[in-house]
Each structure stands twice: as structure tokens, then as C-alpha cells.
**Q** 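Structure incoming, see below.
Sequence lines set the chain letters: A, B, ... in the order given, protein chains first and strands last, and positions in each chain run from 1. All values below come from the heavy atoms of this structure, side chains included, with hydrogens, waters and symmetry mates left out.
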Amino acid sequence: MNDNAPLLDMQNLNLSIHGTSILENVSLQLEAGSVLGIIGESGSGKSMTALSIMQLLPLGSSVTGNIRFDGQLITDMDESALCDIRGNDIGMVFQEPMTALNPVQNIGEQVAECIALHKSVSGKQALVEAAAVLEKVGLPNNEFPLSRYPHQLSGGQRQRVVIAIAVALEPKLLIADEPTTALDVTTQAEILELLKELVSDSNMAMILITHDLAVVSEVADHMVIMRNGQVLDSGPTGVVFNELAHPYTRALYEASSHTPERNTTDVTEVPLVELDKLVCEYLMPRRSLFGPRRRFRAVNEVSMSVYAGESVGLVGESGCGKSTLAKALLGLSPVQGGVIKFGGTVSKPGGVLSRQLRREMQVVFQDPYSSFNPRHRVARLVAEPLYLLDSPPSKEERVRLINSTLESVGLSEHDADKYIHEFSGGQRQRIAIARALIIKPALIVLDEAVSALDVSVRAQVLDLLANLADTHQLAYLFISHDLSVVRSITDRVLVMKEGQIVERGETEALFSAPQHEYTKKLLAAAPQLPRSAALSTDT
Amino acid sequence: MKLRSLVPGAFLVLLFFSAALVSYVWTPFDVTLIDIKSRFQSPDATHWLGTDHFGRDLFSMLMVGARTSIFVAIVAVGIGMLVGVPLGLAAAANTGNLLDEVIMRTNDMVFAFPALLIAILITASYGPGAVNAIIAIGIFNIPVFARLSRAAALSVWKRDFVLAARAAGKNALRISLEHILPNITNLLIVQGTIQFSLGILAEAGLSFVGLGAQPPIPSWGRMLSDSQTLIMTEPQLALIPGLAIVLTVLGLNLLGDGLRDWLDPRLRRER
Amino acid sequence: MLHYIFKRTLILLATLIVASLVVFVSLEIVPGDPASYMLGLNAQEDTVAALRAELGLDKPKIARYFSWVSGLVTGDFGTSYTYRTPVADMVQDRMWVSLPLAIYALALSTLIAFPAGVYAASRRGGAGDTTVMGLTQLGVAIPNFWFAMLLVLLFAIKLRWFSAGGFPGWDAGFFQAMKSLTLPAIALALPQASILTRVMRSSLLDVLNEDFMRTARAKGLTRRQALWKHALRNAMIPVLTIMGLQFSFLLAGAIIIENVFYLPGLGRLIFQSIASRDLIVVESVVMLLVLAVVLVTFLVDLAYAWVDPRLRGTR
């Protein structure tokens, strides 16, 4: 075996599934002990590239081209030889930690299984080794005994178990497919740190697949940029970022750090909405036989206000109560205490929000796929809030309203007759914005409204939002876990943790000089895009 | 691919439905006509499927029997849907509330009474008859549809478009009708055909043991129980009505499978 | 875990209480008086009254309900109106036919369905899968009592391997008794096995699509190993549900099948009792069947917790 040969050498890989071409002429190399980042938006083929290395492609796949791993031609191996390599020489970590583990097996068994499969050790010995590996990935046995089941662990802890399975046998290559996408920013930082440590400690090579340029810039030595199943750009990470040689790389970079242009209008003196000591509680399942049901306080005496025409950001990690707060404000979630003041009206705690108040507030949700009834046409979907009007508009008036609203979000009146499945994710979010806009509200709550979108689409939607705010004098409550997006589109920011606002202030001031420990921690954890020489020389 | 089970299923179902419908206006022979002279005839040009121990024309009895089976099953499924679906929707709209708990616990209790037990209870109190069969099968269908529509509705309630509808000021009843029901109809249709076929089997079973339709109304189940003592000498009297049941139920199940694949875009690529 | 069992037990008891009310009310509002029915149309009025008193029919309904229920709990099911023998004795004899028959059929159906379902799922879309699915499609469509008649025709009349009906009793020896239950059990098991096979297959296919199956393959498990070690136990949850429901269908089916094979089980008893308006027997047998169904549901609930650690409630 040639010592200079790369650990992994993929040459001209073509993949089609049921006749549809997925990968075209993909070639990439990886040296032992180094980290390769594969970057791409959804549908770029980056995950399929990883699965072809594992030879775990879906049924109906046909592959041409060569993959050479550690001197052996993987593409020619039979199934039993592949099984010897999987888990032993190549480990893999997946995106969704909540579903990647077997729910009916405890974590010890799941890690030990991999060890017992590839090493001739007793079951007991495998469990001992599993305990050591779990310790290594940050799950100390006194706190997380082997008998824990996946449902007793958080997302980050589960991802550590998945990593433990992948690295249990110190493979030569670790493939991590979007390992932190489903995690909170601070957890993401911890997991990335763990992966970096594991790679450098045991001279393991790693392929990190992600959509996030900032993540790759912090971890990878080399990177490959993919789009529509092809490799467009590749090279050492520093060089790629500095030169942004390929136009697509440049477009991605710009979209990732995009700041929409906004007129910062003068804010009025009187707040549009005011929350005063708002409390939202959930009933928890009973723990003991006769004990009272415990209450979980998702929102704990939060006071805040939004002024007309202003964009307010609300940031925090999952479970901090930010979505519950938004739903309470919109009257979609019961309130146990405090009041909501809107204009002159004050809502009773627990009371139903009046139609008049609902008219002033609309909402855009995160998931472009579940936000629409698939059985209705766009016209009916967009017109739904018109139900709030006391005198319904005439048929012509209604059509005119639908068309003009669709046009204002960049769609055409022809789209009104289509069903939602005919649209892409970005177009769907435009339709969601149109639905919020049609009743001319004063405030739109954007609950992670751009989080599910690819960066280039996200940039366009952010531009649209900035534009609409200016032309319609809209106020936004912009809820997101993504700090860079919040920074680019809000005037003020609130930081929420465990049901309370821990810090608030002007966006720029807060981001450049955070006061609260938690805010500092959040900001430090967020991966940063490196500055690019290519762009600084342009401007 | 998807037409593989839809077409033969629809064909069989249509065949038995039209036989049942035609029997209202025409049958080759009068099924109440007892003609001892011509009993146990083999199939020929006059009696297409032969005659039974009373000399009644088997083909005519099958046609009228189809009518009984289909009528009982349709009404029973109708009862199950009309009562069960609103209950399921109401339970889903009030999930976690007392109403939900009451509806679901009542359902569980009904499940402890298989249709046969309900039929036995009714028959013991009021005597046998086709109406008993309908009520017994219908009652047993209620929790089936209530559970199914509750589970399906719950998954729709979790979708964001329901939140958007609530933000548009719509109440639970309106949301259930506008958003939930249209998104669970496919499931209900498919389950409907399955329950329909189970209803036909149950009706046959009940009339087989004498708890269903009473003479002189012909029914497939009773044709079978009549043939039981004659099975050594005249096995065709047992085979023919049995085959009619099998083909009808098979047709309904194929139709259900075909409809599920056809109505569900996610499944169109699979199987 | 305790909490879970406690809750299930409460539901079990509540179901039984409501069921007993339903049974009692639906049979007690019956038009017609068992006493005058038993004595015939020409009976003297005072004779009827005497019999009513003897049977306890003159007491208020609530008192009769409580004495019936307390009787059930203590094993005293009352006295048959027609046979004048304790119902408990009658029921006990018959139960030892019906219950073994249902369990025999459940065992058969499980033994057929598990391998068939796993086989079909692991060969999804292939010829084996298509064949198994086609057979189950047929199996669900065949009424069990008709299948029973076909079995009699073939194995008892044509081949003479089995007797066409009757039950020699357990005194005749285990083998003889089981032999006479074999055809009925096969007839009962076939449709249920078909349903169970389909459920097993689709449940397995669902699990095979789960992310953790990919994790299992990435560990280096072969497709087969992953199926046995990870998919099967996860696929059991819906399968258990159906098995629980099937037991009630099997019991009900047993009542019908007993008529085809002339087996002296609960089914024969209940139909004779209906014919002679021996309502106390009907009440007791129906209650007993409900009890069996509810107990099986309870066992299935416990089995869930055994299969799925998420239900054990250590959150």
C-alpha cells in the first residue's frame, strides 16, 4: 500500500436512484487525520455522497465510479466485507439524534453491540468498553448509567451516544452528516468541540456535512461545495473562503451574511403591544399515584412591548418559552396570569382574544410544509384571515385583495388557483407572509419563519420582509434561535432563558457588548463566518 | 401498479352491488317459492346455479342474499361513521379534557363487547332479526371510527395550518369541519371499505347462528347454515354462498387497498 | 411502572362494572317473564308467583343486580332457570372447551403470522412477498365458519383424518381432545393469522424506514441482523394491539365455530339458553366472555410496558 495515497479517494462517482440522477462525477480526496467539510443546500447530494461511502444507499440506486478507502476498492466489495468496515473502520453520525437511537434498547447495549460485533470480546467486556467510550464522549457513567434509555436523554446527550457508537472502535474515518443541525447553538458548540477533540486525539479523519458555512469554517481543513449533485468548488478551507473563486461559493457566502436594507423609521412613543407579567403554564403528567399534577411554567412573568413599525427579536434556545410566549400573544395558548395590552384594549387573563385584536396580529410559522391545508387552493389559504372582518368583502373585492397581496410578496395572480404542493419551500413562506398580510395587521409574529430555508432563499425572504415592513408600516416580533439572522433584521432584541427575559436592548449594542452571562455564552457559541479577502477588496 | 388491486376490487364490488340492486326488480325465480319437486337440481339452463332442499333457485337467492348483506353492512358502517367520526373529532378537539377521556373510555368499554355478544344480548331481549344485526355491528363500528378519526385528527391538529386558522379567529367546530375533516376523509373512506367487508362477514356469521335475518328473507349466512346438514350429499349448496361471501369481501378489501394507494400520494410510488 | 399498572387496573375494574350494568340492564328490561315462560301458558298465577319468588325475580331490580354481581364475584352464578342446576357448574364444563379452543387458535395464528410477516417484510416487493400478501388477502376474506365447513368436507368426509365434530372430553386423553379441537382451531386461526401477518409486515416495514435502522446498519450489522435485533421488538407494539383485539374475535368466533363442529362449549350453551329464555345463563356467560376480553386487554397493556421502556414512566 502506498503511504502517500489518501485515506479516501472518490473518483467520478455517479449515482442515480430509480433513474433520477443524484450525483454526477463527484470526486474528492481525504488525507488520514484531516477534516473535510462538504457544503451544500438541500438537494445538493451531500448526504448521498456520505451514504455512498458507507454503501448504505437506498434501494433502486445504481452507482458508477470508484471509491477507494484505505487502499481497498469499496465499490467492488461484497456485503459481508462492507459490514466488517462499517462501524469498525468508518463510523457515522446522523442529523436527527431524536430518532437515530433504538427507543427500546438502553444506551449501554447500543454502544456495546457495535463493540461486540467487530471485536471478539465477551458481552460483559463489551459493556465495560462501552462505558469507557460513553465517558469519553462526555457522558460520565455515574450520571448517565448504561441502563438509560434514549427517551431519558436530551437531544445533545443522544447525539453524544450516537457519536459514541460511531467512534467506539476508533475508526479511521468518521462521517458526520449535519450532526448539529437539530441542536441548540450552545449544544452545537459543545458537540463540534467534542468532534474536533476526538479527531485530533485519535488521528481520525472526518467528513463533516453541513449547510452552514460558519460551522465548516471552524472545523474543516479542506472543503468541497456541492450543488445539484456536482462538486462546484473545493480546496483548503482558508483559501476557499479568502478567494470565493467560484460564483456559487461567493453567492452562498454573501447570502449567509446577508443584511437586508431597512429604513429605521422613527418609533412612536406609545407601544403597540404591551405584555405585563405574562404567565403561561402547562400541566405535567402525574409522577406519583395520587400527587397533584405539577405545573411547568413555560413563560414566567414576562413583560415586554413592541412599538408600531418596529422589529423586535426574541432569541433563546429550544424550550426557553419563546414560542409559547408568541402563541400566548396571539391568543393561541392559554394564559395563566398577567395582561396583554393592545392599543387601548386590555385582555383578560385566560380570556378569549377578541376578533378586533386578532385582526391586528398575524403569524408566520417555521415549517413551510405543515403551514398550509394541502386540500385548499392558494386563494382560499391566503384569504383565511378575512374571516376576521366584520363585513366580509364582496367576491370581486376578495379576488382583488388576494391578487394584490400575492403580488406584494413576489408571486403572481396565476398562483391563486394552485395547490400548495406545487410550490417550493421559499415560495410557501411567501404565501404564508401573504396570508398574514392580507388583513393588514399592525404586527406580524415570525416564529422561526426563515429557519427551515436554505441560505440563498432565506436572504430573499429577509429582503421581502424588510421591504414589506417599510411599505406597510409593519411591526415584527422576530423569534429565532439564529443570532445572525436576528442581528440582521431587528431594531431591538430580547434574550429569553427558562421562561424569563434575561437581557434586552438595542440590537447592535446588545450584540457588541452583551451584559448577561447567558447572552455572552450564546454569542460565543454561535459559529462565525470568517472574513473574506475577496469581499473586503471589492468594497 | 396502483390499478392492480383497484380495478378487480371495484369490478367485484360493482358486480355484487348490481346483483343486489337488480334483485329489487327482477330475479330469475321467486325466492319464496317452495317447489319440492325440483329440489337439489344441478346447475342447468333454467336454474343457473341449481336449487336447494326446498327447490328454491340458488342464483335468485344469492342475488337477494347480496341485498341483505349489503344493506345490513352499509347501514351498520353508516351508524359507525355518523356516530363515531363526530365523537372522534370532538375528542381530538378537546384532547386531555374530560370530554376526551369520557369518549375514549366509553370506546374502550364497547370494545369489550364483540359484535356477536351485542347481538346475543339484543336477541335474548328482543328476539332475532336483521335489525339486531345492524345495531350490533353498528355499535361495534362506533369505537372503530371514533378511535381512527381521533388519532388522525390529532395529527392534523398538530399541524401549523390549524394554528393559522385559529389565528384567523376560527373556532374548534369550524376548524374541525374546514381543516380536519377534509384531511382525514381518505383514511375514513379506506377504513369504511374495510369495515364494510367486516360487516358482511359479521352479518353472515350472525345469520349463520340464527341471530341475523330471519326466514323468509334469504341471507348468505343462513344459506350456509341450511346447507350444513346436507354437506355430505350436496356440497355445492355450501360452496356457492361461501364463494359469494369470499368474493364480495375480497373485492371490498382490494378496493380499500387500491383506494388507499390511489388517494395517498405518499404511497403512490411504493408497493 | 406502578402508576401505569394502577391506572390499567382501575380501567379494568371500571370496564367490568359498566359491562355488568350493561348486561344486567339489557337483559332485565326484557319483555316477558322467565317464570311464566318456563311454566308455559296455562300455568296458575300463584304457581308463577311461587317460582318468581324461588328464582328471586320478585325482589327489586337493584337488589337483584347486587346479589347477581356479588354472586359473580364469589363464584356463585345462580341457578339455571331451566335446568335447575348451578350455572357455575354448567359454565365450568363448557369453558374448558371454548377457552382452550381460543388459545389453541391464537397460538396457531401467531405461529403462522410471525414467520410469514417477517418473511414478507424482508422480501418486500419480491415474489415471496407478493405470494404471502395474496394468500392473506384471501385469508381475510374467508368466513371462518365456512372455512370450517370446507375443512370438514375435506378432512372429515373425504379423507377421514378427523371426525366431523363432537368432543370426547379431556378425560379421553389430552391428545384425543386436542385432535378434536384441531380442525376448529385451524378454521378460527386462518383469518386471524392473515390479519396478523399483514399487521406484522406493515409494522416491520414502518420500522425498517426509521433512522435507528440506518444507525444499526452503520454499526456494521447486516440487513438480517438489524431486522432481528432492532426492528422486531419495535414492530411488536402494533402487533400486540391487534393480538389483544383478536382474542375477543377468537372467543366470539369460537361460539360460532362450536356450532359447526358440535362442540359442547359456551357457544352451544348460550344459544340453547337463548332459545329456552334461560336468561341467568346468558347473563353469566356474556359476563364471563367480557371478563376474558378485558383481562386480555389488560395483559396486552402490561406487555406494552415490557416492550416499550417509554411507557414505564420513569421520565
Side-chain angles (χ1 to χ4, degrees), chain B residues 4-5 9 12 105-106 108-128 140 144 194 197-198 200-206 208-211 220-221 224-225 227-228 231-232 235 238-239 241-243 245-254 257 270-271, chain C residues 11 14-16 18-19 22-23 26-32 124-125 129 133 137-138 140-147 149-150 152-153 157 164 191 205 244-245 248-253 255-256 258-260 267 270-271 273-275 277-279 282-283 285-286 289-294 297:
Chain B
R4 200 174 58 184
S5 58
L12 283 171
R105 290 288 85 81
T106 318
D108 290 349
M109 287 178 189
V110 178
F111 261 126
F113 289 88
L116 185 74
L117 288 192
I118 301 176
I120 286 173
L121 284 179
I122 300 174
T123 309
S125 327
Y126 297 104
F140 196 68
V144 172
I194 294 171
S197 74
L198 290 177
I200 286 188
L201 283 175
E203 191 275 337
L206 291 179
F208 182 78
V209 289
L211 299 178
W220 292 345
L224 283 176
S225 72
S227 76
Q228 226 191 312
I231 196 161
M232 304 228 192
L239 290 177
L243 273 178
I245 297 174
V246 172
L247 288 177
T248 312
V249 173
L250 187 67
L252 280 166
N253 287 340
L254 288 174
D257 277 6
E270 296 184 44
R271 77 183 70 212
Chain C
I11 291 172
T15 311
L16 286 178
V18 175
V22 169
V23 171
S26 59
L27 290 181
E28 292 296 323
I29 51 170
V30 179
R124 171 188 202 173
D129 183 22
M133 283 298 96
Q137 192 69 268
L138 205 62
V140 241
I142 294 179
N144 52 20
F145 55 91
W146 185 62
F147 188 57
M149 291 165 72
L150 296 185
V152 169
L153 199 58
I157 297 174
L205 287 182
L245 278 180
S248 70
F249 288 127
L250 285 172
L251 266 182
I255 293 178
I256 296 182
E258 282 165 11
N259 279 302
V260 181
I270 214 167
F271 290 119
S273 312
I274 290 175
R277 300 202 65 70
D278 199 346
L279 293 184
V282 179
E283 274 173 5
V285 176
V286 169
L289 292 174
V290 170
L291 174 73
V293 171
V294 173
T297 317

**Q** Taking side chain as everything from C-beta outward and backbone as N, CA, C, O, which of these in C:Ile270 sits under 4.5 Å from a heavy atom of chain B? Side chain, backbone, both or neither.
**A** side chain
**Q** About how many Å separate CD1 of B:Ile120 and OG of C:Ser26, when rounded to the nearest 0.5 Å?
**A** 11.5 Å
**Q** Sequence neighbours excluded, which residues qualify as side-chain hydrogen bond (donor to acceptor under 3.5 Å, both in side chains) partners of B:Ser197?
**A** B:Asn253
**Q** If you round to the nearest 0.5 Å, how far is OG1 of C:Thr297 from CE of B:Met109?
**A** 11.5 Å
**Q** Measure distances from C:Ile256 to the heavy atoms of chain B and classify the residue's part below 4.5 Å as side chain, backbone, both or neither.
**A** both
**Q** Quick one: which of C:Val286, C:Leu16, C:Asn144, C:Val294 has the most heavy-atom pairs under 4.5 Å with chain B, could you say?
**A** C:Val286
**Q** Of all heavy-atom pairs between C:Ala252 and B:Leu116, which one has the smallest distance, and what is that distance?
**A** O-CD2, 3.1 Å
**Q** Are B:Leu239 and C:Met149 close enough, and set up right, to give a side chain to side chain contact (heavy atoms under 4.5 Å, CB included), and what steps lead you there?
**A** CA-CA 9 Å; B:Leu239 290 177; C:Met149 291 165 72; over 6 Å; no
**Q** Measure across B:Asp257 and C:Gln137 and return the closest heavy-atom pair with its distance rounded to 0.1 Å.
**A** OD2-NE2, 3.3 Å
**Q** Using side-chain hydrogen bond (donor to acceptor under 3.5 Å, both in side chains) as the criterion, list what pairs up with C:Asn259, not counting sequence neighbours.
**A** C:Arg268
**Q** Using a 4.5 Å cut-off on heavy atoms from C-beta on, say whether the side chain of C:Ile255 contacts that of B:Val209.
**A** no
**Q** Using 0.5 Å steps for rounding, measure from the CG atom of C:Leu289 to the CG atom of B:Leu117.
**A** 5.5 Å
**Q** Yes or no on side chain to side chain contact (heavy atoms under 4.5 Å, CB included) for B:Val249 and C:Val140, after CA distance, side-chain angles and deciding distance?
**A** CA-CA 8 Å; B:Val249 173; C:Val140 241; 5.9 Å; no
**Q** Under a 4.5 Å heavy-atom cutoff, which of B:Leu252, B:Leu121, B:Leu201 has the most pairs with chain C?
**A** B:Leu121
**Q** Would you indicate whether the side-chain heavy atoms of B:Leu211 and C:Phe271 approach each other to under 4.5 Å?
**A** yes
**Q** Apply side chain to side chain contact (heavy atoms under 4.5 Å, CB included) to C:Thr15 and B:Asp108, showing your working.
**A** CA-CA 8 Å; C:Thr15 311; B:Asp108 290 349; 5.6 Å; no
**Q** Is chain B contacted by the side chain of C:Leu251, its backbone, both, or neither, given a heavy-atom distance below 4.5 Å?
**A** neither
**Q** Whether the side chain of C:Trp146 engages the backbone of B:Ile245 through a donor-acceptor N/O pair (distance < 3.5 Å, no angle test) should be reported.
**A** no
**Q** Of all of C:Gly125, C:Ala141, C:Ala19, C:Ala292, which one pairs up most often with chain B through heavy atoms under 4.5 Å apart?
**A** C:Ala141
**Q** Go through the atoms of C:Val260 and report whether side chain, backbone, both or neither lie under 4.5 Å from a heavy atom of chain B.
**A** both
**Q** Quick one: what part of B:Leu243 sits under 4.5 Å from any heavy atom of chain C, side chain, backbone, both or neither?
**A** both
**Q** Check each atom of C:Leu291 against the heavy atoms of chain B and say whether the ones under 4.5 Å are side chain, backbone, both or neither.
**A** neither
